[in-house]
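What follows is one structure encoded as structure tokens, with my remarks underneath.
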Amino acid sequence: MPGSDSTAHRSKSRRPKYSQFSQQELPAFKLILTPGYVISTFIVVGLIFVPIGLISLFASETVVEIVDQYDNECIPKDFRDNKVEFIKNKQTNKSCTRTFTVPKQMKSPIFIYYQLENFYQNHRRYVKSRSDKQLQSKKNAAHIRECKPMGETDNKDPIIPCGLIAWSLFNDTYGFSVKGKDLKVNKRDIAWGSDKNYKFGADVFPKNFQVGDVGGKSLNSSIPLSEQEDLIVWMRTAALSTFRKLYGKIEDDLQANDVITVVVENNYNTYDFKGTKSLVLSTTSWIGGKNDFLGVTFITIGGICLFLAITFILLYVIKPRPLGDPSYLSWNRNSTPTPGR
Amino acid sequence: MAGNRRKKHHFSRIHAFSCGKTSFKGDHSLIGGPGFSRVVHCNDPESFEASVLNYSGNYVRTTKYTLATFFPKALFEQFRRVANVYFLICAILSFTPLSPYSAVSNVLPLVVVIGATMGKEVLEDWRRKKQDIEVNNRKVKVHCGEGAFDYTKWRDLKVGDVVKVEKDEFFPADLILLSSSYEEAICYVETTNLDGETNLKLKQALDATSNMHEDSNFQNFKAIIRCEDPNANLYTFVGSLELEEQQYPLTPQQLLLRDSKLRNTDCIYGAVIFTGRDTKVFQNSTGPPSKRSKVERRMDKIIYFLFGILVLMSFIGSIFFGIATREDLQDGKMKRWYLRPDDTTAYYDPKRAAVAAVLHFLTALMLYGYLIPISLYVSIEIVKILQSIFINQDLHMYYEETDKPARARTSNLNEELGQVDTILSDKTGTLTCNSMEFIKCSIAGTSYGRGVTEVERAMARRKGSPLEEEVTEEQEDKASIKGFNFEDERIMNGSWDNEPHADVIQKFLRLLATCHTALPEVDEENGKISYEAESPDEAAFVIAARELGFEFYERTQTSISVHELDPVTGTKVERSYSLLNVLEFSSSRKRMSVIVRSEEGTLLLLSKGADSVMFERLAENGREFEEQTKEHINEYADAGLRTLILAYRELDEKEYIQFNEEFTEAKNSVSADREELAEEIAEKIEKNLILLGATAVEDKLQNGVPECIDKLAQAGIKLWVLTGDKMETAINIGFACSLLRQGMRQVIISSETPESKTLEKSEDKSAAAAALKASVLHQLIRGKELLDSSNESLGPLALIIDGKSLTYALEDDVKDLFLELAIGCASVICCRSSPKQKALVTRLVKTKTSSTTLAIGDGANDVGMLQEADIGVGISGVEGMQAVMSSDIAIAQFRFLERLLLVHGHWCYRRISSMVCFTLKMLIDKLG
């Protein structure tokens with residue numbers, strides 16, 4: 001800049017002040033990746049991961065799971081060509097009976113799930129179509145802005161619970177029996193405790209629900225939403241288009257080769273969008289339901305680590321090279337003469 | 001005042017003015033025409049005519065913003081970053097139902113990011129503002145009527161004002177010199193702030209105005225100046241002064257530029273012609289180009305890539321969305337009934353699936369916005385500020401002597417420091433201190449002087465000899481006299497009298513004391529004499545003469561007075577030489593001479609010059625010591641010293657009278673080749689000289705320069721020296737700072753050969769240029785052949801090229817060859833290069849090799865180079881602040897470059913790149 005004459009005042013020195021921080025002299029430690037460090041790290045990781053994987057895989061193997069897809073079989077033969085008409089027709093008898101055998105002993109609790117495929121609970125419009133405020137408290141009954149088009153009845157009365165999610169509540173039911181004896185299905189405590197206690201109010205009762213256009217299951221308007229556990233489970237929307245939702249629990253052990261008879265009320269319309277419906281019975285272990293992925297991943301990673309460790313050991317033995325050799329620097333490698341050398 | 005009266009000498013004898021008496025011709029006919037329309041009413045700025053012209057005031061503003069323009073301008077700057085534009089669009093869209101999430105979560109980060117960067121801008125601008133305020137409020141004496149001068153702030157100056165500037169003050173605007181405290185109306189000007197040259201420039205007012213030496217003279221002064229419009233050309237000026245209905249031509253000789261400094265002159269009077277923005281220096285100042293580091297540019301590319309992915313993802317997503325939406329309702333049958341496609345909004349309407357798809361595209365752009373790392377910019381900014389603080393605070397780069405720490409002026413190039421491939425360095429003031437030290441001399445075939453040069457020290461160091469320690473001790477007690485590092489008891493303190501050739505030594509020292517153009521300055525208090533010389537070499541000679549007992553103390557218009565040690569009586573006697581002629585130094589002559597008459601009445605021609613021209617001018621009987629002297633100067637040159645040959649001759653009366661007549665005639669002739677004529681005549685008399693000896697002056701290297709260059713070379717960094725100096729000097733310095741070594745083969749490309757000289761003189765300029773170019777091309781090709789054929793055993797190559805050859809080498813068709821050769825050489829030195837060429841070379845290296853270049857320099861002549869390079873490092877040394885002001889990082893000494901590059905650069909680069917990688921990794925994690 002022109003004209004600027006920085007007059008240095010001798011009295012006020014511009015000498016920077018010393019501090020370990022400003023001089024970047026704070027104690028520091030930096031790990032140098034020597035072959036020893038690298039190889040031992042890989043070995044340790046491998047030795048830890050492979051057993052974890054094996055244990056997880058074993059735990060997953062102990063889980064007994066029965067899956068029965070019934071959406072096609074539960075349509076009477078006459079209606080096989082026009083399933084949609086069957087399901088929409090209120091007059092048809094929708095009961096059907098499914099039987100299957102238990103392959104291995106199943107210890108209680110046995111969890112009952114229904115599994116839907118090709119059902120997009122994660123659709124942007126669907127996901128947003130609910131009013132958490134309304135679900136929470138009685139005084140927010142008129143909070144239906146987000147619920148369109150299932151916010152209010154034709155008479156402009158707010159629907160409780162409003163929105164597409166609640167409206168499309170799953171309404172198939174299952175009855176279980178073994179050797180002619182009914183199995184008791186426990187439908188309590190299938191929803192999250194926090195949902196029951198905080199998100200769904202004990203003073204909110206269904207109102208104007210499934211009036212007019214009927215989508216799915218109706219609710220007993222004398223039971224508060226916090227007790228409507230099927231609804232609560234349904235309202236926790238799934239992230240993928242194939243999902244399982246908890247239906248209930250069987251608290252009896254089932255023996256191997258027991259034949260289970262299930263009476264299915266096949267009400268829910270998955271035929272319009274070519275979805276499937278399945279019934280799932282499953283036990284759990286400490287890793288949850290049947291899940292081989294975790295174990296396989298652990299074993300794979302552990303295996304790769306061990307393989308690398310062995311490779312590096314071999315390289316180190318066969319072709320060692322000194323660490324930090326300046327002759328490997330790019331400008332020293334291609335032998336051009338440099339000044340001062 | 002009275003004490004300074006004696007300085008009013010007639011200098012016209014010393015300095016031959018070439019433009020003092022130009023008549024109206026050439027450019028002056030343009031006045032009044034387009035581009036030359038400026039009219040200045042001197043001393044009458046309030047008049048009606050002047051107010052009609054309405055020229056801007058002298059207020060200067062270097063800030064980027066004003067209060068009013070800050071927001072629009074700063075915002076515009078911010079939104080030049082693509083990422084910011086994207087976030088702005090997102091923020092606007094987030095207020096529509098399109099948004100997948102709430103508006104606040106979208107707007108807040110943008111506001112924070114932009115707020116932070118704008119805050120930084122405000123801070124930086126505020127610093128500039130403070131500087132402006134300081135400059136604008138400086139005071140200068142202005143004529144306020146009735147012959148009285150009063151202090152006025154610079155900002156209130158108007159075109160036409162007559163100002164009085166006193167010694168060592170800066171000129172507040174571009175002025176026309178009217179008169180000075182010297183009778184000749186000359187003044188000395190220091191222009192370091194403009195062009196980096198430290199020598200003083202001489203300016204002279206018109207005869208017509210030169211007699212106004214008192215304030216009261218200006219009471220009724222009225223004049224009209226017509227001149228060119230404001231432009232950026234520092235070295236030309238065309239105008240005319242109308243005084244009492246007489247026209248006088250104005251030339252650059254009368255122009256005093258803003259920001260140059262008045263030196264050696266008590267005061268001057270001048271008329272303001274260009275103010276504020278119109279001044280030449282402001283017309284010249286271009287905003288520094290905004291430089292961005294490679295990492296940042298790479299990051300930009302990554303962001304473009306990510307943006308591409310984002311668009312692609314959104315595009316594919318919206319296509320599938322469109323298809324799925326359309327199929328939801330076919331022939332009145334709902335597919336995904338739970339979505340109620342029959343009762344829907346535009347965003348999901350199956351009947352208008354295309355519209356829904358487009359809207360979905362916008363939503364998706366926002367939804368996947370995580371892909372664009374907005375936080376990265378802020379994080380980088382913060383990290384870089386911290387890094388600049390580390391650089392500024394580094395005690396290892398603090399220079400005690402000038403109290404200057406390193407200063408990172410821009411923070412966005414920190415990590416670039418770690419990637420430097422080529423350093424382009426200025427020489428004077430950067431590698432060297434620009435102080436010459438008289439260190440050795442050879443008189444009558446005997447070499448005197450025990451000082452040890454840098455080169456000798458460097459060699460000793462390489463051999464590991466113990467010389468080093470004793471040298472440093474010696475160094476300490478010698479530092480007392482600047483410019484003098486000579487020790488030899490044989491001739492110091494008058495003992496030269498006992499040497500075998502005492503008479504020659506006497507003549508030698510006498511020549512040193514008289515053959516120069518320096519001015520003595522006597523300190524009134526202690527009687528000590530210091531010198532003001534055009535070049536530091538010359539100062540070193542006079543100082544050496546003084547220290548050896550020949551104290552030059554007074555210069556008058558016709559004489560030079562010296563306190564001499566008389567060998568007979570052993571006392572100091574005053575001797576006065578009447579100065580008859582000065583045959584000036586020029587780069588083509590490579591010598592200067594004076595003709596004096598001693599008190600005894602003998603006419604002496606005293607001459608000093610480069611060995612290449614001097615030896616051939618010796619008389620037969622003057623070659624007594626030729627062999628030894630030649631040997632000595634070769635030794636000196638090897639030791640990295642600048643040598644000059646000293647010789648003299650006695651003239652007889654008749655010869656001189658004839659010469660003087662011819663010379664005066666030549667000087668006063670009006671023809672264009674006046675200079676050449678004078679040169680020719682001078683040439684005739686500068687012959688048959690008698691050799692006295694040779695001097696050796698060391699161009700002092702800055703502390704630690706050879707070591708630093710060595711370290712940088714070990715790190716694989718190339719160093720090119722671009723200097724305005726002569727080739728010989730440049731080569732000397734090359735040796736001194738271990739850039740050139742014995743055993744290196746030098747490829748010298750020069751256009752200063754006799755053949756090219758004759759070519760230049762020829763009539764046909766274009767043919768001459770073509771021939772010169774061909775010769776340069778030929779030399780380049782030969783060099784390239786040498787490079788290609790070279791094997792290791794012959795040693796590395798060093799390329800040395802001079803400015804004129806560089807002009808041709810930088811032409812489009814040759815420059816690739818030049819660059820190839822230059823890159824292949826271990827060292828490159830470009831001498832006699834102009835500021836423009838420095839910048840061009842820098843650009844060539846930067847663009848063609850696409851490697852990171854760092855330019856380092858200290859003078860205003862390096863500004864172009866500093867701005868052109870990827871990183872400009874300014875040395876905050878003695879040569880003004882211009883270089884520092886246009887640099888990215890300022891350090892006080894060349895040797896700090898080592899720490900700056902190898903420590904800070906390395907760390908900054910590593911840290912920044914790990915941070916960028918880590919942030920990008922986090923971003924991918926977030927997506928997963």
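Just so we're on the same page: letters track the sequence lines, and every chain starts at 1.
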Centroid-to-centroid, A:F273 to B:Y338, below 6.0 Å? yes
Contacting moiety of B:M397, where chain A heavy atoms sit under 4.5 Å: neither
By a 4.5 Å heavy-atom criterion (distance strictly below it), what part of B:Y348 contacts chain A: side chain, backbone, both, or neither? side chain
Once salt bridge (Lys or Arg N to Asp or Glu O under 4.0 Å) is applied, do any residues pair with A:R80, and if so which ones, sequence neighbours excluded? none
Determine all donor-acceptor pairs shorter than 3.5 Å in which one atom belongs to a side chain in residues 154-165 of chain A; sequence neighbours excluded.
none

Partner chain B: residue of A:K17, A:K274, A:K148, A:M150 with the largest heavy-atom pair count (under 4.5 Å): A:M150
Looking at B:A715, B:P172, B:A324, which makes the most heavy-atom pairs under 4.5 Å with chain A? B:A715
Would you say the side-chain atoms of A:D71 pair up with the backbone N or O of A:T276, donor to acceptor, closer than 3.5 Å? no
Salt bridge between B:D394 and B:R899, side-chain N to carboxylate O under 4.0 Å? yes
So which part of B:T344 gets closer than 4.5 Å to some heavy atom of chain A, the side chain, the backbone, both or neither? both
Mind ranking B:M334, B:K711, B:R340 by heavy-atom pairs under 4.5 Å with chain A and telling me who comes out on top? B:R340
Please confirm whether A:F21 and B:F390 have ring centers closer than 6.0 angstrom. yes
Given that the side chain runs from C-beta out, which part of B:Y347 has a heavy atom under 4.5 Å from chain A: side chain, backbone, both or neither? neither
Tell me, with the steps shown, if A:R15 and B:E400 meet salt bridge (charged side-chain N to carboxylate O under 4.0 Å, His left out). CA-CA 8 Å; A:R15 184 188 178 85; B:E400 197 81 56; 2.8 Å; yes
Where does A:Y271 contact chain B at under 4.5 Å (heavy atoms): side chain, backbone, both or neither? neither
A:K217 and its side chain to side chain donor-acceptor pair (under 3.5 Å) partner, picked from A:N267, A:T173, A:D230, A:D172: A:D230
Examine whether an atom of B:I389 lies under 4.5 Å from a heavy atom of chain A, and if so say whether it belongs to the side chain, the backbone or both; otherwise answer neither. neither
Applying a strict 4.5 Å limit to non-hydrogen atoms, the region of A:N118 in contact with chain B is backbone
Answer with side chain, backbone, both or neither: which region of B:N392 has an atom nearer than 4.5 Å to a non-hydrogen atom of chain A? backbone
